[in-house]
2 protein chains.
Amino acid sequence: MTTEEQIVNAARKVFVRKGLQGAKMQEIADEAGINKALLHYYFRSKDKLFDHIFTEAFQQIIPSLRQSLNEKADIVIFIQFFVPFYLNFIQKNPYLPQFIMHELSQNPERIAGLAHAQNFPFDSLKVLIDKAIKEQQIRFVEPENLIINMLALTIFPFVARPMIEQIIFKGKQEAYENFMQKRADDIIQTILTSLRPI
Amino acid sequence: MTTEEQIVNAARKVFVRKGLQGAKMQEIADEAGINKALLHYYFRSKDKLFDHIFTEAFQQIIPSLRQSLNEKADIVIFIQFFVPFYLNFIQKNPYLPQFIMHELSQNPERIAGLAHAQNFPFDSLKVLIDKAIKEQQIRFVEPENLIINMLALTIFPFVARPMIEQIIFKGKQEAYENFMQKRADDIIQTILTSLRPI
DNA sequence: GTCTATAAGGTGATAGAC
DNA sequence: GTCTATCACCTTATAGAC
């Protein structure tokens, strides 16, 4: 592994966990097993290093769905595929949503510079949803609502984990983990039952 | 308004917006129209000032629902009451959820010290939900799922606003605001339709 | 490329006059 | 109670040796 890769890995770990302000160059250097000066040799400044990490993270969190959308041209099947897929991804990167949303909240203009923001195939999904409505497979919904609801149900439990664990599950970590293990099925059931034609 | 109140108001504004690390004592002093030394005179340290603000914010974000639960002992009516009520509260404090969740993510142990964490009447809600299931008013759901889903659908759009605005609504602020204006009805409809008996 | 040493500026906190 | 001045430390960034 090259030094640059070591730096990026260390920076990713520290930035995602602590944010731009909370992360310290010394901690990143320690994590990478090098000294601070080398960080500046590879990436001129903390801001530039952060930009690198944030851009990478942002592109990751927007799933590339083109393939699955071509193959499975049915919104119900798509939901059944997407929810466990995305849930599984976030399970492996549980701090990523909080990181992205916190930094975007601090500096919303940052998103404008990310060309890949347009990468999410919302328009393709819209077509699928409208088709399912027309065929009376599902009740009428605004496509925007359906997509946002799906994301909310998937992402929120990670971002709000401490509150959920403490207030809903009375501090029992095990209860939270048990809840999350069944989460994909619960989300799918919630969405699909809510979509049943009236 | 006393000096202490001015300080608390300024600190709330700055801390909620920028977090513990992002907030600077100088900025709080400027916001309050005083100097840094006075901050330390009233609150010994930045951490103590932050604790004050965070505790206050945390108690605010856990709605006191006892009254509404006594009067309206029906889970459907409760949902119809709670969603617009809570949505309206967050609309007035749009950065509060992000603030709480980010700081709890940085320091989850902090929640243990907040006795009022037990204030959320989850058990009362559980009774209502179980009763509605038994009477076949709604389909079977785990009470935990229903509560978490309701919170997720309500809170997520605020926390993820920059992403939603850019990716779903193509950067059109107006479209996001229009979406949020109808949000209460959309959430209620999503939840209640998903609860229809099978 | 990698290191040590250090500069330059910011930040929380205190001393002391009024 | 409120201010100015200042300390002590931390943090980013650079200089310069190897």
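Order of the sequence lines fixes the chain letters, A, B, ..., with proteins taken first and strands second; residue numbering starts at 1 for each chain.
Using a 4.0 Å heavy-atom distance criterion, B:Ala29 is classed as making no nucleic acid contact.
Comparing C:dT14, C:dT2, D:dT4 by their nearest atom to the side chain of A:Thr3 picks out C:dT2. Nearest to the side chain of A:Lys36, among C:dC3, C:dA13, D:dT12, sits D:dT12. Considering only side-chain atoms of B:Tyr42, the nucleotide from C:dT14, D:dG1, C:dT2 that sits closest is D:dG1. The B:Ala37 side chain lies nearest to C:dT14 when the options are D:dT2, C:dT14, C:dG12. In this structure, the nucleotide among D:dA13, D:dT14, D:dT11 sitting nearest to the side chain of A:Lys24 is D:dT11. Minimum atom distance to the side chain of B:His40 is reached by C:dG12, of the listed D:dG1, C:dG12, D:dT14. The listed nucleotides are C:dT11, C:dC3, D:dT12; the one nearest the side chain of A:Asn35 is C:dC3.
Atom CZ in A:Arg44 sits about 9 Å away from atom P in D:dA13, given to the nearest Å. The separation between B:Ile34 atom CD1 and C:dA13 atom C1' is 14 Å, rounded to whole Å. Look at NZ on A:Lys46: it is 12 Å from C1' on C:dG10, rounded to the nearest Å. Here C:dA7 presents its P atom at 20 Å from CE of A:Met25, a figure rounded to the nearest Å. Rounded to an integer number of Å, the gap from OH of B:Tyr41 to C1' of C:dC18 is 14 Å. For the pair B:Leu49 CG and C:dG12 P, the interatomic distance rounds to 11 Å; values are reported in whole Å. Rounded to an integer number of Å, the gap from A:Leu39 CG to D:dA15 C1' is 17 Å. In this entry the distance linking NZ of B:Lys48 with P of C:dG12 reads 15 Å, nearest Å.
Separating the CD1 atom in B:Ile79 from the CD1 atom in B:Ile138 is a distance of 7.0 Å, to the nearest 0.5 Å.
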For this session: Apply the test ring-ring contact (aromatic ring centres under 6.0 Å, His included) to residues A:Tyr86 and A:Phe82: give CA-CA distance (whole Å), side-chain angles for both, the deciding distance (0.1 Å), then the verdict.
Result: CA-CA 6 Å; A:Tyr86 200 56; A:Phe82 174 80; 5.1 Å; yes

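Taking the ring centroids of A:Phe50 and A:Phe15, they lie under the 6.0 Å cut-off.
Judged purely by atom type and a 3.5 angstrom limit, A:Lys46 uses its side chain to pair as donor or acceptor with the backbone of A:Leu20.
B:Ile75 approaches B:Ala132 most closely through the heavy-atom pair CG2-CB, 3.6 Å.
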